[in-house]
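Just below is one structure, and these are the notes that go with it.
Everything quoted here is computed from the prediction, not taken from an experiment. Just so it is clear: chains get the letters A, B, ... in the order the sequence lines come, proteins before strands, and each one is counted from 1.
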Amino acid sequence: MNEKDLENDKLEHLLRRAHIPEPSPLLKERITTEARKAWNQTSLELPWQIPLRRLAASAAAAVFIISIANFSSNHALKKWRPGDVRATREQLPDLETLPEMPYRPFVRHLVSVNRRPSVTNASALRNYVERVRQILKETQQNGASNEQVPDGGRSRLLPAQLSPDSYS
Amino acid sequence: MNRIQDNILDENQPDNMLRAALGRNSPAAVELMWDRYANDLLTFLQAMLCSRHDAEDVLQTVFVRIARKRHRLARARCLDAYVYRIARNEASRLISSRKREQIAKLRTESWLMVTENKQELSDLVEQLQAALAHLPQPQREVIVLKIYRQKTFLEISRLLGLSQNTVASRYRYGMEKLRNLLGNLT
């Protein structure tokens with residue numbers, strides 16, 4: 001046993017000269033009476049009842065919120081008169097009447113493209129396919145493995161001039 | 001081997017009795033709880049609060065709370081740890097409410113008693129009480145339970161939900177501080 005343990009023993013001995021009194025019978029009476037009262041006031045909750053009760057509370061809250069929302073929407077509809085509603089239509093601006101603006105021709109082109117229905121131009125597509133087929137045929141006939149690209153490096157597959165109406 | 005099993009059964013017997021009473025929803029469980037916990041809990045609460053009066057009030061709150069939430073106690077894995085946790089929470093609530101209300105805590109109220117009615121012992125107890133009040137609360141809890149309730153480190157660790165090493169080190173550090181505080185007495 002080292003010195004520290006001896007000192008601890010002395011200190012423990014010193015501390016044990018005092019004591020903490022036990023609870024008095026009066027205190028026991030007071031506390032057990034209160035506890036019994038609390039016991040009788042609260043019924044025993046069975047474990048399976050707890051989720052059921054939570055579910056019921058959630059359902060009640062949902063019903064309450066929905067009824068509040070219904071009430072408020074009914075209240076709002078009372079103020080609404082159908083006669084006040086007018087059909088409106090978005091009018092495209094007349095470009096001619098607009099004041100001078102930069103890139104005016106470009107804007108006009110964009111507007112015209114936007115107005116055009118998106119229908120595929122079948123004849124233009126057919127022409128393009130036909131042209132591709134013809135080029136391939138020529139290539140096969142001439143043994144085109146070492147043939148140079150004509151027209152100064154530009155591919156023949158590309159149309160000479162792409163017009164906005166070509167494919168759409 | 002049989003002796004070990006018997007000991008385990010003996011240890012679990014009060015638990016089983018209490019659980020059975022709780023399961024039957026019998027108010028007799030209050031008496032069982034009192035016999036089992038009141039003494040130790042009151043000591044523990046006095047160690048936390050340094051006041052007998054506050055400790056008694058909190059003990060009442062603890063018993064009422066247990067009676068209300070008895071189904072949880074019946075399902076608790078370790079009854080002792082559960083009860084001590086409630087006691088600790090209630091005491092902490094009281095301490096924090098005191099801090100919020102900025103009520104100066106009176107440490108002059110005596111919660112340690114003398115074994116003999118001698119003046120010199122009364123002075124000693126006052127000094128002991130003052131020294132214990134200066135300790136950090138976790139160290140004070142362990143020292144009080146060990147010295148005044150004769151609990152082992154293992155028992156304290158189970159009650160407070162701590163490891164045995166933590167309890168032992170709290171005790172060691174606490175005793176060291178007490179030695180410094182009571183230097184002239186030891």
Per-residue contact mode, [X] against chain A (heavy atom under 4.5 angstrom):
{"X": "B/Gln60", "answer": "both"}
{"X": "B/Ile143", "answer": "side chain"}
{"X": "B/Ile147", "answer": "both"}
{"X": "B/Phe63", "answer": "both"}
{"X": "B/Asp40", "answer": "neither"}

Shortest non-hydrogen contact from [X] toward [Y]:
{"X": "B/Asn39", "Y": "A/Pro23", "value": "OD1-CD, 3.4 Å"}
{"X": "B/Glu141", "Y": "B/Met48", "value": "OE2-CG, 3.2 Å"}
{"X": "B/Arg179", "Y": "A/Leu11", "value": "N-CD2, 3.9 Å"}

Find the one option among B/Val144, B/Val64, B/Leu132 whose heavy-atom pairs under 4.5 Å with chain A are most numerous.
B/Val64

Quick check for you: among B/Gln46, B/Glu176, B/Glu31, which has the greatest number of heavy-atom pairs under 4.5 Å with chain A?
B/Glu31

Connected via hydrophobic side-chain network under 4.5 Å: B/Ile95 and B/Leu59
yes

With a 6.0 Å cut-off (strictly less than), is the heavy-atom count around OH of B/Tyr82, excluding the residue itself, greater than 12?
yes

So, B/Arg70 and B/Asn25: side-chain donor and acceptor under 3.5 Å apart, yes or no?
yes

